[in-house]
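Scroll down for the structure; my scribbles are underneath it.
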Amino acid sequence: MAEVLVYVDHVDGAVRKPTLELLTLARRVGEPVAVALGSGAEATAATLAEHGAVKVLTADAPEFADYLVVPKVDALQAAYEAVSPAAVLVPSSAEGKEIAARLAVRIKSGIITDAVDLEAGDEGPVATQSAFAASYTTKSRVSNGTPVITVKPNSAAVEAAPAAGTVEALAVSFSEKATGTKVVARTPRESTGRPDLTEAAIVVSGGRGVNGAENFSIIEALADSLGAAVGASRAAVDAGWYPHSNQVGQTGKSVSPQLYIASGISGAIQHRAGMQTSKTIVAINKDAEAPIFDLVDYGVVGDLFDVVPALTEEVKTRKG
């Protein structure tokens, strides 16, 4: 069976969930070979093997931490040349998509971004994407070279599938451009204790109807009761009620959770583009004619200041 390269997103050896999802998808089209780079790369092996990686290629060098993107592209290209894979899968983060695009240019291959599913085809892997603000679903395959595919978080269930996970050192020769952009400072992100917005299984978002930064505590309370991430519409972010890093939409982040709860959000196309692939969508809005109700699985016509606190209390009661 052909091998499939999977780029590993990890933090000091702790593998992030989107990578485990990639391993699930990779097994549909071949044998997963993971590529782990930087500090803690070898520590990822046990987790990767548990989820199906037959081999783990590792490399560590100061360049991976001290410079942006290009050293990682150099390493992924080295892995590609060593393995000759049937496809290369990369998490669909901002960095992941840049790495994938640069690799595709180097190896003269086609690229598919933001896939939400992957299946084997007679002429290579077939990727499912959401197009035109998720109004359409398309199926695509790369017709030139080795497919390079980035996959959105929450596109597949994480499945344990124990494999050998043999660790091999990857020899990497860095290009002249590898040291072109140096990282001069890092500021740790302040932890909220909530899951990452793009990876969360549940997202609770607030919009213009929240009517003020001080009222986002209602949204946060519901999110915390569910173990969810907090999102915001562009209107709420532009008004200064919530940080831009939490914006969901075409100019913010795309999310695809199992459950998306939209509170006080009208459902403009800009917002829909960022959350329409959510598996189950619930809207709470006092305007029965709000466009968001054309999209949802469940809709509640009511004042969010009555509905959301009541829902929060019900969740706490059932969990308690």
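Formation of a donor-acceptor pair under 3.5 Å by the His10 side chain with backbone atoms of Leu37 is found in this model. Put simply, the side chain of Asp66 never gets that close to the backbone of Lys182: no donor and acceptor are under 3.5 Å apart. Within the 3.5 Å criterion, the main-chain N or O of Pro147 finds no donor-acceptor partner in the side chain of Arg141. Although no hydrogens or angles enter the test, the distance criterion places no donor-acceptor pair under 3.5 Å between the side chain of Asp9 and the main chain of Arg16. Under the 3.5 Å distance criterion, the side-chain polar atoms of Asn154 are matched with a main-chain donor or acceptor of Ala200. Remark: side-chain polar atoms of Arg208 are not paired, donor with acceptor, to backbone N or O of Ser266 under 3.5 angstrom. Between the side chain of Thr58 and the main chain of Ala36, no donor-acceptor pair closer than 3.5 Å is present. The closest donor-acceptor contact from the side chain of Asn144 to the backbone of Lys108 lies under 3.5 Å.
Residues Asp117 and Leu25 form a side-chain contact, since some pair of their non-hydrogen atoms from C-beta on lies under 4.5 Å apart. Within the 4.5 Å cutoff, no side-chain heavy atoms of Val4 are placed close to those of Pro85. Between Leu48 and Thr19, some side-chain heavy-atom pair lies under the 4.5 Å cut-off. Counting heavy atoms from C-beta outward, Leu197 and Val248 have side chains that approach closer than 4.5 Å. A heavy-atom distance below 4.5 Å is not found between the side chains of Ser84 and Glu3.
When all heavy atoms of Val282 and Val296 are compared, the pair lying nearest together is C-CG1, 4.4 Å.
More than 12 heavy atoms of other residues, nucleotides or ligands lie within 6.0 Å of CD in Glu220, so this atom counts as buried by the packing criterion. Glu176 CD: 12 or fewer foreign heavy atoms inside a 6.0 Å radius. Around CD of Glu289, the count of heavy atoms belonging to other residues, nucleotides or ligands within 6.0 Å does not exceed 12. Shown here is Lys286, whose NZ atom has no more than 12 heavy atoms of other residues, nucleotides or ligands within 6.0 Å.
Considering Val255, Thr113, Thr277 as possible partners of Lys152, the one that fulfils the side chain to side chain contact (heavy atoms under 4.5 Å, CB included) test is Thr277.
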Note to self: Please determine whether side chain to side chain contact (heavy atoms under 4.5 Å, CB included) holds for the pair Phe174 and Thr179, giving the CA-CA distance in whole Å, both sets of side-chain angles, and the decisive distance to 0.1 Å.
What the structure shows: CA-CA 9 Å; Phe174 295 110; Thr179 56; over 6 Å; no
Next item on the list: Walk me through it: do Ile218 and Val210 pass the test side chain to side chain contact (heavy atoms under 4.5 Å, CB included)?
Entry: CA-CA 9 Å; Ile218 298 173; Val210 176; over 6 Å; no
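Comment: Glu31 does not engage Lys55 in a salt bridge, judged by the lack of any side-chain N to carboxylate O separation of less than 4.0 angstrom. A salt bridge is absent between Lys253 and Asp196; no separation between the charged side-chain nitrogens and carboxylate oxygens falls under 4.0 Å.
Under 3.5 Å, the side chains of Glu21 and Ser155 contain no donor-acceptor pair of N or O atoms. Between Ser92 and Asp114, the side chains place a donor N or O and an acceptor N or O closer than 3.5 Å (distance only, hydrogens not considered). Side chains of Ser130 and Gln276: a donor-acceptor N/O pair is absent below 3.5 angstrom, by distance only. Counting only N and O atoms by type, the side chains of Ser175 and Asp74 include a donor and acceptor under 3.5 Å apart. Side-chain contact check for Gln270 and Arg234: no donor-acceptor pair (N or O, by modelled atom type) lies under 3.5 Å.
Using cut-offs of 30° and 60° on the angle between ring planes, the pair Tyr242 and Phe216 is parallel.
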